[in-house]
Amino acid sequence: MGAEDRQPGEELERTCGLFEQVLEARLGSIGENGLLELVFTTLGPAITVCDGVRYIYVYARQLGYDIPPYPLAGCGEIKEFFRAFGVASVPEFYEKVGIDRETYADLANKTAVAVRNGQGMRKLFVVDVPFCSIERKIDLRREREIDALARTALPSVLGADAALDLADGVLSFLLTDNDHEAF
């Protein structure tokens with residue numbers, strides 16, 4: 001059967017199957033960090049990587065709220081965001097998205113990784129790497145590209161176990177019905 005005899009999508013499925021076989025065959029050389037990099041590359045802007053304490057403001061901006069550089073200074077729409085999200089404070093926001101108090105207390109030393117699924121729901125992961133470790137690897141003058149650059153840099157600063165845990169968590173969220181974990 002020639003390519004012209006195939007149904008639409010068959011060629012794509014066949015090629016995807018071939019890619020899956022190559023991925024499985026080369027998994028040892030790709031490694032945990034390489035796998036995480038592939039996951040991030042595949043998901044692109046559905047993954048947000050930022051400073052743990054700043055995620056709330058990044059998320060609010062993604063939703064279209066006007067959040068100034070100093071969000072709690074009293075100007076901007078942070079109060080409207082809090083009201084719409086059903087919280088009264090920053091700690092309440094993080095608690096509502098699944099971050100426990102102990103993790104929240106040390107958020108300044110962590111990086112936030114949020115993944116958005118096909119229904120627009122998000123899950124927030126927190127990794128034990130200060131965001132400054134990522135900032136050292138990217139050109140901060142490229143302000144409009146910082147999110148993409150951070151997605152590229154994060155796999156290289158994580159240990160193998162942390163990279164695999166994060167890849168597993170992201171893929172599990174995307175492939176299972178986790179509405180109770182999503183926001």
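This chain uses plain numbering: 1 for the first residue, then up along the sequence.
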Looking at [atom1] of [X] and [atom2] of [Y], how far apart are the two atoms once the value is rounded to the nearest 0.5 Å?
X    : Y    : atom1 : atom2 : answer
L107 : E102 : CG    : CD    : 12.5 Å
F131 : T111 : CZ    : OG1   : 6.5 Å
I67  : I56  : CD1   : CD1   : 8.5 Å
I134 : I146 : CD1   : CD1   : 12.0 Å
E77  : L63  : CD    : CG    : 11.0 Å
L154 : I47  : CG    : CD1   : 9.5 Å

Membership question, hydrophobic clusters at under 4.5 Å side-chain separation (ILVMFWY): are [Y] and [X] in the same one?
X    : Y    : result
V126 : L164 : no
F40  : V115 : yes
V90  : Y65  : yes
Y57  : Y104 : yes

Donor-acceptor pair, side chain of [X] and main chain of [Y], under 3.5 angstrom:
X    : Y    : result
E95  : P91  : no
K96  : F85  : yes
S133 : V129 : no
Y94  : G52  : yes
R61  : P68  : yes
D106 : N109 : no
T176 : S172 : yes
S156 : T152 : no
T48  : A114 : no
R151 : V49  : no

Practice item. Inspect the surroundings of CG in D161 and state if more than 12 heavy atoms from other residues, nucleotides or ligands are less than 6.0 Å away. Key: no

Review point. Does the side chain to side chain contact (heavy atoms under 4.5 Å, CB included) test come out yes or no for V127 and K110, once each step is laid out?
Key: CA-CA 6 Å; V127 293; K110 300 184 184 301; over 6 Å; no

Practice item. On the 0 to 90° scale, with breaks at 30° and 60°, tag the F93-F81 ring pair as parallel, tilted or perpendicular. Key: tilted

Check your understanding: In terms of ring plane angle, is the pair Y55 and F183 parallel, tilted or perpendicular, where the classes change at 30° and 60°?
Key -> perpendicular

What's the shortest heavy-atom distance between [X] and [Y], and which atoms?
X    : Y    : answer
F173 : A182 : CE1-CB, 3.8 Å
F125 : V170 : CZ-N, 3.7 Å
R54  : C50  : C-SG, 4.4 Å
A153 : I138 : CB-CG2, 4.0 Å
A167 : V39  : CB-CG2, 4.4 Å

Point to revise | Flag side-chain contact, heavy atom, 4.5 Å: E80 against R83 | key: yes

Point to revise | Close side-chain approach of V58 to D147, heavy-atom, < 4.5 Å | key: no

Exercise for review: Check the pair L124 / V113 against side chain to side chain contact (heavy atoms under 4.5 Å, CB included), numbers first and verdict last.
Suggested key: CA-CA 6 Å; L124 183 62; V113 179; 6.0 Å; no

Revision key, fill the gap. Given the options L166, T41, L36, P155 meets side chain to side chain contact (heavy atoms under 4.5 Å, CB included) only with L36

